[in-house]
Amino acid sequence: MGTPASEKPTILTACQPTSHFHLGNYLGAVRRWADMQDDYECFFGVVDLHAMTAPYTPADLRRNTLECAAQYIACGLDPKRSNIFVQSHVTGHTELAWILGCLAPLGQLERMTQFKDKSKRIGQSVGAGLFFYPVLQAADILLYNADAVPVGEDQKQHLELARDLAQKFNNTYSETFKLPEPLIGKKGARIMALQDPESKMSKSDKNQSSTLYLFEPKESIRKKVMSAVTDSGSEISASDDKPGVSNLMSILSSLTGHSYEEIAGQFSGKGYAPFKEAVAEAVIATVEPLQARYQELMKDKDALNTVLKEGAEVAQKRAYKMLAKVYRKAGLLERVR
Ligand code: TYM
């Protein structure tokens with residue numbers, strides 16, 4: 001018999017429902033989460049409120065939210081073992097964000113690199129929500145008093161803020177939150193853009209040839225990999241002066257489990273073309289079963305909505321408990337029922 005959920009450490013993590021997952025989301029995040037489901041009590045959020053911090057269309061957000069849940073399941077998250085829920089279905093995320101926001105140092109929020117990058121990209125129309133985004137993320141984590149948060153490397157700074165805010169709340173009021181540990185994988189934690197291997201792979205890349213989506217057609221995957229930027233020379237090796245080849249090696253190694261040395265040996269003296277073909281084939285072999293499963297899941301939207309309903313019920317119970325504790329400690333008068 002397995003360990004009861006209540007005795008397992010908790011993980012909370014999430015994806016924004018903005019278009020489909022790319023290979024970075026999969027290798028740096030969701031695939032690893034799937035392997036943690038037996039050892040942790042898992043809360044996997046579809047963070048729709050975060051997705052409102054950049055310009056969007058309501059119909060797209062609604063569709064992407066359900067599709068994000070289907071992608072989670074297609075990638076191996078199992079609603080029987082984990083709680084998959086939509087952030088806006090649970091009361092407490094925005095409430096706790098307010099309390100933490102009152103403790104968050106302005107200067108620290110101003111130093112958030114994702115805010116700086118994204119606000120530059122969005123320009124004039126950037127809303128205050130984008131600035132407050134990392135506080136909401138801290139609330140997502142602390143609302144479940146998570147022990148650990150598995151993420152890709154790009155989320156490291158946000159997690160430091162979550163730890164700082166937990167500590168600050170504990171110091172200001174009294175011991176309440178655990179300090180959540182970031183769990184960042186050794187492999188695949190930072191998959192880079194195919195056309196610009198100095199920047200991370202991202203959904204919002206202007207050059208969409210840079211981003212490999214899990215649910216795009218095989219031919220398109222092959223074309224993108226074959227046209228990925230490589231470096232001067234023809235040697236297959238991972239090093240700082242070969243960011244393009246290093247990125248493709250990291251993808252191949254994450255997908256096949258082969259070490260860099262094995263890959264370098266396999267393609268030694270053969271040039272880039274056979275190496276890239278092997279990368280494309282490995283990606284296709286990985287995504288094919290996920291695509292089939294995803295198509296099946298999307299045929300039964302009622303079943304997906306039921307998963308989200310059940311996930312939110314479990315999440316809500318936990319969230320109410322934590323929120324009541326936080327309100328009490330922060331000096332808010334208890335409501336008479
Ligand atoms: P999001 O939706 O951008 O990404 C979801 C997960 O994918 C990882 N990731 C990557 N990993 C490797 N290489 C890449 N190129 C790459 N791009 C993305 C991310 O690190 C993440 O783990 N702010 C978060 C969502 C969030 C969250 C949370 C996460 C909101 N609340 C609470 C953890 C806990 C985000 O935008 O992820």
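Indexing begins at 1, ligand by ligand and atom by atom, following the structure's order.
Of the N and O atoms on the side chains of Thr176 and Lys329, at least one donor lies less than 3.5 Å from an acceptor on the other residue.
Of the protein's non-hydrogen atoms, the one nearest atom 19 (C) of ligand 1 is Asp154 OD1, 3.3 Å. Protein heavy atom in closest approach to atom 25 (C) of ligand 1: Ala14 O, 3.7 Å. Of the protein's non-hydrogen atoms, Ile191 O, 2.8 Å is the one closest to atom 15 (N) of ligand 1. Looking only at heavy atoms of the protein, atom 28 (C) of ligand 1 is closest to Gln137 CG, 3.4 Å. For atom 18 (C) of ligand 1, the nearest non-hydrogen atom of the protein is Asn25 ND2, 3.3 Å. Among protein heavy atoms, the minimum distance from atom 31 (N) of ligand 1 is reached at Asp140 OD2, 2.6 Å. Protein heavy atom nearest atom 37 (O) of ligand 1, with residue, atom name and distance: Gln155 NE2, 3.9 Å. Regarding atom 10 (C) of ligand 1, its nearest protein heavy-atom neighbour is Gly24 O, 3.5 Å.
Assignment of Tyr133 to the shell around ligand 1 is supported, since a heavy atom sits closer than 4.0 Å. Within the structure, the closest approach of Pro134 to ligand 1 does not fall below 4.0 Å when heavy atoms are considered.
Between the CG atom in Leu142 and the CG atom in Leu179 there is a gap of 9.0 Å [rounded to 0.5 Å]. Atom CD in Glu288 sits 8.5 Å away from atom CD1 in Ile221 (nearest 0.5 Å).
When non-hydrogen atoms are compared, ligand 1 lies under 4.0 Å from the side chain of Val47 (C-beta onward) but not from its backbone. Of all the heavy atoms of Ile141, the ones lying under 4.0 Å from any atom of ligand 1 belong exclusively to the side chain. When non-hydrogen atoms are compared, ligand 1 lies under 4.0 Å from the side chain of Ala29 (C-beta onward) but not from its backbone.
Counting the atoms of ligand 1 from 1 in the order shown, those under 4.0 Å from a heavy atom of Gly188 are 12 (C). Residue-ligand proximity, Ala189 to ligand 1, at heavy-atom distances under 4.0 Å covers atoms 11 (N), 12 (C), 13 (N). Every atom of ligand 1 is numbered from 1 in the order shown, and the set under 4.0 Å from a heavy atom of Gly28 is 11 (N), 12 (C). Set against the non-hydrogen atoms of Leu12, the atoms of ligand 1 under 4.0 Å away are 32 (C), 34 (C). Atoms of ligand 1 lying under 4.0 Å from at least one heavy atom of Val149, given by number and element, are 33 (C), 34 (C). Of all atoms in ligand 1, numbered sequentially from 1 with element shown, those under 4.0 Å from a heavy atom of His50 are 30 (C), 31 (N). Proximity to Thr13 (heavy-atom distance under 4.0 Å) selects the following atoms of ligand 1: 33 (C), 34 (C).
Put simply, the side chain of Ser82 never gets that close to the backbone of Gln37: no donor and acceptor are under 3.5 Å apart.
An N or O contact shorter than 3.5 Å links Met201 to ligand 1 by distance. Taking any N or O of Trp33, backbone or side chain, none lies under 3.5 Å from an N or O belonging to ligand 1. Below 3.5 Å of separation, one finds an N or O of Gly152 facing an N or O of ligand 1.
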Between Thr10 and Arg318, is the side chain to side chain donor-acceptor pair (under 3.5 Å) condition met? List the steps. CA-CA 11 Å; Thr10 299; Arg318 186 130 169 181; 2.8 Å; yes

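Contact check on Glu281 versus Arg222 returns a salt bridge, with a Lys/Arg side-chain nitrogen under 4.0 Å from an Asp/Glu carboxylate oxygen. Under 4.0 Å is where a charged nitrogen must lie from a carboxylate oxygen, and between Arg190 and Asp154 no such pair does. A salt bridge is defined here as a Lys NZ or Arg NE, NH1 or NH2 lying under 4.0 Å from an Asp or Glu carboxylate O, and Lys317 with Glu313 fails to meet this definition.
Between Tyr133 and His158, the angle of the ring planes lies from 30° to 60°, which puts this pair in the tilted group. Ring pair Phe85/Phe43 is perpendicular by interplanar angle, where above 60° counts as perpendicular and below 30° as parallel.
For atom 16 (C) of ligand 1, the candidate residues are His22, Arg190, Gln16; the nearest heavy-atom contact is made by His22.
Summarising the geometry of Met226 relative to Ala273, their closest heavy-atom pair is CE-O, 3.8 Å, with the distance given to 0.1 Å. In terms of heavy atoms, Leu290 sits closest to Phe215 at O-CE2, 3.6 Å.
With hydrophobic clusters built from ILVMFWY side chains whose heavy atoms lie under 4.5 angstrom apart, Leu136 does not share a cluster with Met322.
The cationic atom of Lys120 (NZ for Lys, CZ for Arg) does not lie both less than 6.0 Å from the six-membered ring centre of Phe115 and within 45° of the ring axis.
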